[in-house]
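For reference, the structure is listed below as structure tokens.
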Number of protein chains: 2
Amino acid sequence: MEAFATRGYNNASLAEISERVGLTQAGVLHYFPSKADLLTGVLDLRDASDLEELGEDRPRGTAFLRHLVDTVRRNTAREGIVRLYAVLSAESVTEGHPAQAFFRSRYEGLRAMLTEALDEARDLGEVPGGLDSATVAASVIAVMDGLQVQWLLAPDTVDMAAAAEQAISRLVGVDLAPRDAV
Amino acid sequence: MEAFATRGYNNASLAEISERVGLTQAGVLHYFPSKADLLTGVLDLRDASDLEELGEDRPRGTAFLRHLVDTVRRNTAREGIVRLYAVLSAESVTEGHPAQAFFRSRYEGLRAMLTEALDEARDLGEVPGGLDSATVAASVIAVMDGLQVQWLLAPDTVDMAAAAEQAISRLVGVDLAPRDAV
DNA sequence: GTCTATATTTGGATAGAC
DNA sequence: GTCTATCCAAATATAGAC
């Protein structure tokens, strides 16, 4: 994970990875027949957004959006995993990249989940109606991704968590700021 | 440009590039002493967003935002350049990447330009006040970037232009849809 | 200005011993 | 399950002729 996050897929080497895990190159390739297999193995390991692991009993409606915002805030302290997904998702659009299928279906899944949550929120009357859930879903995911890159390049200038909270709030039309307990 | 866009920096090879331009490898390295120099040369050539080239007589206030939206729409027909910047901007956050300085300053410049335009729009009364221009600026750039990746992976599913127009409109609090001439 | 030739390093992967 | 040894291909870069 660290190697792919720090150097990207192409520039990370089995030599470095092997050394880090205390094996020889052949030792690593005993478990993962190829470098591409190793990458997909790493990607399948877990999901940066903490979303896939929620399963079917995920929060509904705006509660789900709030969970999103919380995840962004938490990610501020997990630069490594942010870097991993930021680098690899973009790298995956290159020709023949081994993570292409992974990210294609990941985005598809994220959009579907978010679209559903937005529909729930509308049905619950939590957010104003009249907007296309699927389009908003894509935009919400997009801001989070885009802010990650800017934050990685300038962590002291870009307040990723604050910007994400504000942006998502405005995109869906509801204030998602965590209310203080009185 | 095409090589870096299609394969990313690390995976693009001087061999392929040389062949494409009809030179030998040594021939290419005669003009650009190293691969890294070639990359920065390509990046300096022009800017995907068409923004830097606007100079000081750029449109003011919401007119500038409209220009942004138009650019996104135009980019729908320029997959190559979209891919170039999407791939390289993310790749640039990896350790020692030769385009890191370029993208750091590019984002800084874009945020500054957009922040200024948002302040103008507020002073002109074109958009509601009370929002932090710098934060909104970062988010606007972020949606555009994020939508590009999703669009590249699923061009038939993601309507980049429509989503960007809607998202930016909501982020700044004004309808940016191009009005039809009557 | 462009080439050939080559140095040098590094990459991923395989065979087979232990 | 892990290693040594090795293969082979490909990479960037340099030297120097033309």
Side-chain angles (χ1 to χ4, degrees), chain A residues 1-46 80-81 83-104, chain B residues 1-46 80-81 83-104:
Chain A
M1 274 184 49
E2 286 178 13
F4 286 137
T6 311
R7 315 209 183 283
Y9 172 71
N10 288 307
N11 207 31
S13 73
L14 290 177
E16 178 198 347
I17 293 168
S18 309
E19 196 187 2
R20 286 228 220 175
V21 297
L23 281 181
T24 59
Q25 233 183 84
V28 169
L29 289 175
H30 171 69
Y31 297 96
F32 299 92
S34 75
K35 189 186 175 188
D37 285 306
L38 178 56
L39 176 67
T40 56
V42 166
L43 287 174
D44 285 339
L45 194 60
R46 67 180 304 200
I81 209 162
R83 194 182 299 267
L84 180 73
Y85 282 83
V87 170
L88 291 180
S89 63
E91 206 181 18
S92 81
V93 311
T94 58
E95 233 176 55
H97 196 284
Q100 208 166 103
F102 175 87
F103 279 104
R104 219 188 293 272
Chain B
M1 273 185 49
E2 287 178 13
F4 288 137
T6 312
R7 316 210 182 283
Y9 171 71
N10 289 308
N11 208 31
S13 74
L14 290 177
E16 179 199 348
I17 293 167
S18 309
E19 197 187 1
R20 286 228 220 176
V21 296
L23 280 182
T24 60
Q25 237 183 82
V28 169
L29 289 174
H30 171 68
Y31 297 96
F32 300 93
S34 75
K35 190 186 174 186
D37 285 306
L38 178 56
L39 176 67
T40 56
V42 166
L43 287 174
D44 285 338
L45 194 59
R46 67 180 303 198
I81 210 163
R83 183 176 265 113
L84 181 74
Y85 283 83
V87 170
L88 292 180
S89 62
E91 205 181 18
S92 81
V93 311
T94 58
E95 233 176 56
H97 195 285
Q100 207 165 104
F102 175 87
F103 279 105
R104 220 188 294 273

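Chain letters run A, B, ... following the sequence lines, proteins first, then strands; residues in each count from 1.
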*asked:* Between P on C:dG12 and CG on A:Asp37, what's the gap in Å once rounded to a whole number?
replied: 13 Å
*Just checking B:Leu14: base, sugar-phosphate only, or nothing, at a heavy-atom cut-off of under 4.0 Å?*
sugar-phosphate
*Options D:dA15, C:dT14, D:dT12, nucleotide nearest the side-chain atoms of B:Gln25*: D:dT12
*Measure the distance from CD on A:Glu16 to C1' on C:dG12 and round it to the nearest whole Å.*
15 Å
*Taking B:Thr40 for the side chain and B:Asp37 for the main chain, is one N or O donor matched with an acceptor at less than 3.5 Å?*
yes
*Please determine, for the side chain of B:Thr24, which listed nucleotide (C:dC3, D:dA13, C:dA13) has the closest atom?*
C:dC3
*To the nearest angstrom, how far is B:Leu38 atom CG from D:dA13 atom P?*
10 Å
_side-chain contact (heavy atoms from CB on, under 4.5 Å), paired with A:Tyr9, selected from A:Leu39, A:Thr94, A:Val87_ = A:Leu39
*Would you mind telling me which of C:dC3, D:dC3, D:dA11 lies closest to the side-chain atoms of A:Ala26?*
D:dC3
*How close or far is atom P of C:dT6 from atom CG of B:Leu29, stated in whole angstroms?*
18 Å
*What is the distance from NZ of A:Lys35 to P of C:dG11, rounded to the nearest Å?*
9 Å
*A:Ser13 side chain: which of C:dG11, D:dC3, D:dT14 is closest?*
C:dG11
_A:Leu14 and its side-chain contact (heavy atoms from CB on, under 4.5 Å) partner, picked from A:Leu38, A:Thr24, A:Leu23_ = A:Leu38
_Atom pair distance, as rounded to whole Å: CD1 in A:Ile17 and C1' in C:dT10_ = 14 Å
*Hey, is CD on B:Glu2 packed in by over 12 heavy atoms from elsewhere, all under 6.0 Å?*
no
*Rounded to whole angstroms, how far apart are CG on B:Asn11 and C1' on C:dG12?*
13 Å
*Give the ring-plane orientation class for B:Phe102 versus B:Tyr85, where under 30° counts as parallel, over 60° as perpendicular and anything between as tilted.*
tilted
_Spacing of A:Asn10 atom CG relative to C:dT10 atom P, expressed in whole Å_ = 18 Å
_A:His30 side chain, from C-beta outward: closest of D:dG1, D:dC3, C:dC3_ = D:dG1
*If you look at every strand shown and take non-hydrogen atoms under 4.0 Å, does A:Ala12 touch a base, only sugar-phosphate, or nothing?*
sugar-phosphate
